[in-house]
Amino acid sequence: MMELLLPYRRRILWTLLGLIVGILWITIGFGYTLLIVACMLVGYLIGKWQDGALNVQKWVQFFTR
């Protein structure tokens, strides 16, 4: 069964993420949902940086062009 869903994993993931954000937006409002998404993004970036997979210099160069 998983082999059949494997090619569609990103579509399924993004659809579920969209559903979660939509439900949050409806229940708690746009501002709070945006704050939650921003906190999740910061947490993801910190985790990626601690794993050694985030090249900070590349990001700084990108934003200072």
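Numbers for residues simply follow the sequence, beginning at 1.
- To the nearest 0.5 Å, the span separating CG on Leu24 from CG on Leu35 amounts to 11.5 Å.
- Across every non-hydrogen atom of Leu54 and Leu45, the tightest pair is CD2-O, 3.6 Å.
- One hydrophobic cluster holds both Phe62 and Trp49 under the rule that ILVMFWY side chains link at heavy-atom gaps under 4.5 Å.
- Between the CD1 atom in Ile46 and the CG atom in Leu41 there is a gap of 10.0 Å [rounded to 0.5 Å].
- Here CG of Leu34 is found 10.5 Å from CD1 of Ile28. Values are rounded to the nearest 0.5 Å.
- Across Ile20, Ile26, Leu19, a single residue satisfies side-chain contact (heavy atoms from CB on, under 4.5 Å) together with Ile23, and that is Leu19.
- Note on Val56: it clusters hydrophobically with Phe63, by side-chain heavy-atom contacts below 4.5 Å among ILVMFWY residues.
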### Message
With side chain to side chain contact (heavy atoms under 4.5 Å, CB included) as the criterion, how do Leu16 and Ile12 come out once you've worked through the C-alpha distance, each side chain's angles and the decisive distance to 0.1 Å?
### Response
CA-CA 6 Å; Leu16 290 175; Ile12 294 169; 4.1 Å; yes
